[in-house]
**Student:** 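What follows is a structure written as C-alpha cells; I'll ask about it next.
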Amino acid sequence: MRGEHEPAERGLEYGLFQKIDLEKLQCLNESRDGDGKLVFKPWDRRNERDQFVESDTDEELLFNIPFTGSVKLKGIIISGEDDESHPAEIRLYKNIPQMSFDATGREPEQAFRLNRDPVAELEYPTKIARFSNVNHLSIHISKNFGAESTRIYYIGLRGEFSEAHRHEVTICNYEASANPADHKVESIIPQTNFIS
C-alpha cells in the first residue's frame, strides 16, 4: 500500500521534521529523557532501529511539538515494532502548548486507529481544514496493541510550512495622478554656518 508519489518526492513532503523546534519539544512518559526527540528524523532514516522512544509507567505517550512557523498538516506516519508494543490509537490536538495528560480527556481535532506499520509506509491523512495554521501539535498515543509499554521508531509529518511573520496591516492610498494642491513644497534655503 505505497503512496502514489515517487520516494524522493515523498521524502520532501515529509520534511516537516526540519521545522520542529526540537529544543522545546516535549515527550511525556518517555522512559529515557530526550528519546522522544529522536523519532523525528529524515524520511530516508525512517526504518532505522537504533533510535526509538519507549513509554515508561504505562502504554501512553504524549508529544508536544512546537513548530518554528505555521504548518498545514496533511498526513502522519507512525512506525513501531511489529508486536504488541506498536501504537494502536493516536489523538491529535493543535495549538495547546505544554499539554498534559490531564488535558487529553478533551475532544481531539482528529483520532486514528492505527495498523502495525514496522516499515513506515501507512499514512493517516488529516482533515486539512482542521489542521491549517498549526503552530503546535500534540500527539497522544492513547493505547497500543496490548504490551505494557509502547515503542516508536519514527513519526513522520507531511504538510506545508510557512514562516512565522507577524505583519501589521498596512493601508496604502495610491494616487492615479498627483494633485499639486496636496503637495505644497516650502522652499528651503540652506543655511551654512561654519564654526571655526
Side-chain angles (χ1 to χ4, degrees), residues 1-30 36-46 53 55 59-80 86-117 119-144 150 152-167:
M1 196 176 130
R2 291 219 174 265
E4 66 278 6
H5 302 301
E6 292 299 309
E9 193 178 320
R10 216 166 168 210
L12 283 175
E13 290 183 340
Y14 272 90
L16 283 182
F17 75 95
Q18 297 173 331
K19 307 302 183 184
I20 294 170
D21 187 347
L22 276 177
E23 291 296 308
K24 297 193 178 94
L25 185 142
Q26 287 181 313
C27 180
L28 305 184
N29 197 37
E30 59 188 351
K37 299 176 182 186
L38 305 177
V39 300
F40 297 92
K41 49 192 171 188
W43 176 253
D44 57 4
R45 291 182 45 217
R46 68 192 179 281
V53 63
S55 64
E59 76 278 15
E60 290 186 71
L61 284 165
L62 179 60
F63 294 89
N64 282 319
I65 307 159
F67 295 103
T68 57
S70 181
V71 165
K72 182 189 286 184
L73 186 68
K74 295 181 171 181
I76 185 168
I77 290 177
I78 294 197
S79 174
H86 194 291
E89 186 179 272
I90 61 167
R91 299 156 62 85
L92 303 180
Y93 302 86
K94 76 169 193 182
N95 299 339
I96 310 171
Q98 312 288 315
M99 188 170 176
S100 66
F101 281 109
D102 292 341
T104 59
R106 65 192 291 169
E107 191 66 28
E109 256 69 43
Q110 196 166 358
F112 298 97
R113 288 187 194 282
L114 305 183
N115 294 305
R116 289 185 200 170
D117 185 16
V119 293
E121 64 179 9
L122 300 177
E123 177 181 317
Y124 300 89
T126 60
K127 296 173 181 162
I128 296 172
R130 291 191 187 177
F131 290 98
S132 54
N133 297 322
V134 179
N135 305 109
H136 189 283
L137 178 69
S138 296
I139 302 173
H140 177 214
I141 312 293
S142 46
K143 57 182 166 197
N144 61 23
T150 298
I152 298 172
Y153 290 103
Y154 174 75
I155 297 180
L157 303 173
R158 181 171 71 85
E160 295 170 13
F161 176 81
S162 51
E163 297 290 339
H165 289 304
R166 303 254 186 265
H167 284 307

**Student:** Which residues pass the ring pair (Phe, Tyr, Trp, His ring centres under 6.0 Å) test with Y124, not counting sequence neighbours?
**Tutor:**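 Per chain and number, Y124 pairs via ring pair (Phe, Tyr, Trp, His ring centres under 6.0 Å) with F112.
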**Student:** To the closest 0.5 Å, what do you measure between CG (L114) and CD1 (I141)?
**Tutor:** 7.0 Å
**Student:** Of the non-hydrogen atoms in A103 and M99, which two are nearest, and what is the gap between them?
**Tutor:** O-CE, 3.5 Å
**Student:** Taking all non-hydrogen atoms of both residues into account, name the closest pair between E163 and F161 and its distance.
**Tutor:**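 Heavy atoms of E163 and F161 come nearest at OE2-CE2, 3.7 Å.
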**Student:** Taking all heavy atoms of E109 and all of K94, pick out the closest pair and write down the distance.
**Tutor:** OE1-N, 3.0 Å
**Student:** State whether a side-chain donor-acceptor pair under 3.5 Å links Q110 with T126.
**Tutor:**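 Per modelled atom types, Q110 and T126 side chains form no pair under 3.5 Å.
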**Student:** Return the CG to NE2 distance between N29 and H140, rounded to the nearest 0.5 Å.
**Tutor:** 9.0 Å
**Student:** Could you go through the salt bridge (Lys or Arg N to Asp or Glu O under 4.0 Å) check for R10 and E123 one step at a time?
**Tutor:** CA-CA 11 Å; R10 216 166 168 210; E123 177 181 317; 3.7 Å; yes
**Student:** Kindly compute the distance separating CG (D117) from CG (L122), expressed to the nearest 0.5 Å.
**Tutor:**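 Answer rounded to 0.5 Å: 4.0 Å.
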**Student:** Just to verify, what does Y153 make a side-chain hydrogen bond (donor to acceptor under 3.5 Å, both in side chains) with, not counting sequence neighbours?
**Tutor:**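 Partners of Y153 by the side-chain hydrogen bond (donor to acceptor under 3.5 Å, both in side chains) criterion, ordered by chain and then number, come out as E81, R151.
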**Student:** If you measure from CG on L62 to CD1 on I90, what distance do you get to the nearest 0.5 Å?
**Tutor:** 12.0 Å
**Student:** One pair to check against side chain to side chain contact (heavy atoms under 4.5 Å, CB included): L73 and L137. What are the steps and the verdict?
**Tutor:** CA-CA 9 Å; L73 186 68; L137 178 69; 3.9 Å; yes
**Student:** When you compare the side chain of Q26 with that of Q98, does any pair of heavy atoms fall below 4.5 Å?
**Tutor:** yes
**Student:** Checking D21 against T68: is there a side-chain donor and acceptor pair closer than 3.5 Å?
**Tutor:**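 Side-chain D/A pair, T68 to D21: absent.
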**Student:** So, taking the atom named NE2 in H86 and the one named OG in S79, what distance separates them when rounded to the nearest 0.5 Å?
**Tutor:** 5.5 Å
**Student:** Identify the two heavy atoms, one from T104 and one from Y93, that lie closest to each other, and give their separation to 0.1 Å.
**Tutor:**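 Smallest interatomic distance, heavy atoms only, reads O-OH, 2.8 Å.
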**Student:** Counting N and O atoms only, with roles assigned by atom type, does the side chain of R91 sit under 3.5 Å from a partner on the main chain of E107, one being a donor and the other an acceptor?
**Tutor:** no
**Student:** Step by step, work out the side chain to side chain donor-acceptor pair (under 3.5 Å) result for T150 and E59.
**Tutor:** CA-CA 5 Å; T150 298; E59 76 278 15; over 6 Å; no
**Student:** If we ignore hydrogens and angles and just use 3.5 Å, is the side chain of E30 paired with the main-chain N or O of G36 as donor and acceptor?
**Tutor:**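 Here the side-chain-to-backbone pair exists.
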**Student:** Flag the pair F40 / F63 as yes when their ring centroid distance falls below 6.0 Å, and as no otherwise.
**Tutor:** yes
**Student:** Indicate the atoms forming the closest heavy-atom contact of K37 with L25, along with that distance.
**Tutor:** CE-O, 3.5 Å
**Student:** Side-chain contact test, heavy atoms from C-beta onward, threshold under 4.5 Å: evaluate it for F17 versus K41 and give yes or no.
**Tutor:** no
**Student:** Begin with the C-alpha distance, continue with both residues' side-chain angles, and end with the deciding distance and a verdict on side chain to side chain contact (heavy atoms under 4.5 Å, CB included) for N95 and V134.
**Tutor:** CA-CA 6 Å; N95 299 339; V134 179; 4.2 Å; yes
**Student:** Mind running side chain to side chain contact (heavy atoms under 4.5 Å, CB included) on W43 and Y154 for me, showing each step along the way?
**Tutor:** CA-CA 9 Å; W43 176 253; Y154 174 75; 3.5 Å; yes
**Student:** For E160, check side-chain contact (heavy atoms from CB on, under 4.5 Å) against everything at least two apart and list the hits.
**Tutor:** K72, K74
**Student:** Might you point out which heavy atoms bring F67 and H136 nearest each other, and give the distance in Å?
**Tutor:** CD1-N, 4.2 Å
**Student:** Rounded at 0.5 Å granularity, tell me how far OG in S55 sits from CG in L28.
**Tutor:** 12.0 Å
**Student:** Hey, mind stepping through L92 and I76 against side chain to side chain contact (heavy atoms under 4.5 Å, CB included) and telling me if it holds?
**Tutor:** CA-CA 10 Å; L92 303 180; I76 185 168; 4.2 Å; yes
**Student:** A side-chain contact here means heavy atoms from C-beta on lying under 4.5 Å apart; do P66 and N135 qualify?
**Tutor:** no
